[in-house]
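This one's a predicted model, so the numbers in the text were calculated from it and none came from an experiment. Worth knowing before you read on, the calculation uses all heavy atoms, side chains too, and leaves out hydrogens, waters and symmetry mates.
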Amino acid sequence: MDSKTGAGTRDAAGDGRTCGVIRAVCVSSEKGTGKESVPEAVFVQAHGIEGDAHAGTWHRQVSLLSYEKVEAFNKNGAGVKDGDFGENLVVEGIDLGALEVGTILESGSGVLLEVTQIGKACHHGCAIRERMGECIMPSEGIFAKVLKGGIIRPGDRLCVTLPDPGRPFSAAVITVSDRSAAGLREDLSGPAAVRMLEEAGYEVLETILVPDEPERITQELRRLADQRQVSLVVTSGGTGFSMRDRTPEATLAVAERNAPGIAEAIRMKSMAVTEKAMLGRGVSVIRKKTLIVNLPGSPKAVEESLGFILGALDHGLGILRGSATD
């Protein structure tokens with residue numbers, strides 16, 4: 001196998017890990033454009049690639065795409081070259097789209113990347129989608145942040161370390177409120193949920209504020225479950241009787257399995273606080289390996305509801321992750 005062009009192999013690192021080969025390194029100075037191949041790139045810890053437009057203090061610092069997926073796409077006459085999808089690294093020998101968030105990628109030069117997202121919707125006006133009718137980046141591309149910097153060149157090895165099953169559970173908080181989204185009222189419920197989750201040991205990856213629009217809610221829930229693979233998504237608001245309260249319906253629209261006991265426990269225990277708890281319509285469901293729980297909209301109700309359920313969630317989330325058993 002040519003070390004610069006051959007496919008990756010299992011145990012190529014001598015420690016049981018699957019490894020591939022970096023076929024191309026690409027950068028661009030502007031977002032929304034294709035990237036150009038370069039002979040080497042400097043990866044900066046917690047920042048990304050030096051000189052690349054997508055570098056910064058966020059979770060999508062580096063993008064990667066499998067060489068084999070690009071080759072298969074080109075058999076349909078796409079004629080794309082390295083970097084055209086906006087990817088920074090083209091990797092042969094690893095099915096990148098099949099990796100999980102939390103996977104560690106280590107280059108032969110010692111650069112460490114942590115996978116943070118699987119797939120991403122095409123940017124507006126994607127030339128490849130407009131020309132071919134499809135684009136593989138939304139389903140096959142992955143994103144990572146830089147844990148340890150260094151230099152990567154084409155021909156370098158890239159090895160996979162599976163996620164640590166004992167890592168903290170991740171979480172995201174969505175506040176659903178027309179008034180807060182419009183800037184007419186401060187969101188106090190979201191920060192209350194974040195504080196309690198962090199105190200319980202969760203890594204809160206995102207906090208989101210959206211209006212009472214079902215399509216927007218479902219869009220965020222799908223993205224958090226499918227692309228970011230968050231362990232727990234907590235929503236606050238939109239669970240009452242108002243005609244604009246549609247959070248439960250939006251949540252059910254993305255559900256793959258029901259987990260009704262959590263919502264039932266919240267209502268049952270909340271009845272000891274106020275009989276109006278019976279009017280809450282929140283649901284709890286599972287999408288892939290993500291648990292989604294609807295909470296009421298007030299900060300007090302959020303704190304009470306999370307207090308009722310947080311102690312029991314670890315076991316269920318561990319089962320979803322595969323680190324616990326029934």
Original post:
Is Glu50 atom CD crowded by more than 12 heavy atoms from other residues, nucleotides or ligands, each under 6.0 Å away?
Top reply: no

Subject >> Flag for His59-Gln117: side-chain donor and acceptor within less than 3.5 Å >> reply: yes

Original post:
Does the pair Glu106/Arg157 count as a salt bridge with the N-to-O cut at 4.0 Å?
Top reply: no

Subject >> Other residues, nucleotides, ligands: >12 heavy atoms within 6.0 Å of Lys75 NZ >> reply: no

Original post:
So, Ser107 versus Asp156: side-chain donor-acceptor pair below 3.5 Å or not?
Top reply: no

Original post:
For Thr175 and Ser177, does a side-chain donor sit closer than 3.5 Å to a side-chain acceptor?
Top reply: no

Original post:
Got a donor-acceptor contact below 3.5 angstrom from the Glu87 side chain to the Gly83 backbone?
Top reply: yes

**OP:** Any chance you could measure Met243, atom CE, to Asp212, atom CG, to the nearest 0.5 Å?
**Re:** 12.5 Å

Original post:
If you look only at pairs with a residue in residues 250-272, which of them pass as a salt bridge (charged side-chain N to carboxylate O under 4.0 Å, His left out), with sequence neighbours excluded?
Top reply: Glu256-Lys288

Subject >> Worked check of salt bridge (charged side-chain N to carboxylate O under 4.0 Å, His left out) between Glu220 and Arg223 >> reply: CA-CA 5 Å; Glu220 294 293 351; Arg223 180 182 65 82; 2.8 Å; yes

**OP:** Evaluate the salt bridge (charged side-chain N to carboxylate O under 4.0 Å, His left out) criterion for residues Arg195 and Glu199: first the C-alpha distance (whole Å), next the side-chain angles of each, then the deciding distance (0.1 Å), finally the verdict.
**Re:** CA-CA 6 Å; Arg195 175 183 57 77; Glu199 288 177 353; 3.6 Å; yes

Original post:
Tell me, which pairs form a side chain to side chain donor-acceptor pair (under 3.5 Å) where one or both residues lie in residues 275-285, sequence neighbours left out?
Top reply: Glu249-Arg281

**OP:** Look up atom CG in Asp82 and atom SG in Cys26, then write down how far apart they are to the nearest 0.5 Å.
**Re:** 5.0 Å

Original post:
Under 3.5 Å, side chain of Ser236 to main-chain N/O of Pro296, donor-acceptor pair present?
Top reply: yes

Original post:
Is Glu213 salt-bridged to Arg246, going by a charged N under 4.0 Å from an acidic O?
Top reply: no

**OP:** Measure from NZ or CZ of Lys31 to the centre of the six-membered ring of Trp58, then state whether that distance is under 6.0 Å and the direction lies within 45° of the axis.
**Re:** yes

Subject >> Ion pair Asp52/Lys35, N-O distance below 4.0 Å >> reply: yes

Original post:
From Leu65 CG over to Leu89 CG, what is the distance, rounded to the nearest 0.5 angstrom?
Top reply: 10.5 Å

Subject >> Distance-only side-chain donor-acceptor flag, Asn294 / Thr235, under 3.5 Å >> reply: yes

**OP:** Could you tell me the separation between the OH atom of Tyr202 and the OG atom of Ser170, rounded to the nearest 0.5 Å?
**Re:** 9.5 Å

Subject >> Side-chain donor or acceptor of Thr247 paired with backbone N/O of Thr239 under 3.5 Å >> reply: no

Original post:
Quick one: CD1 on Ile142 to CG on Leu99, what's the gap to the nearest 0.5 Å?
Top reply: 5.0 Å

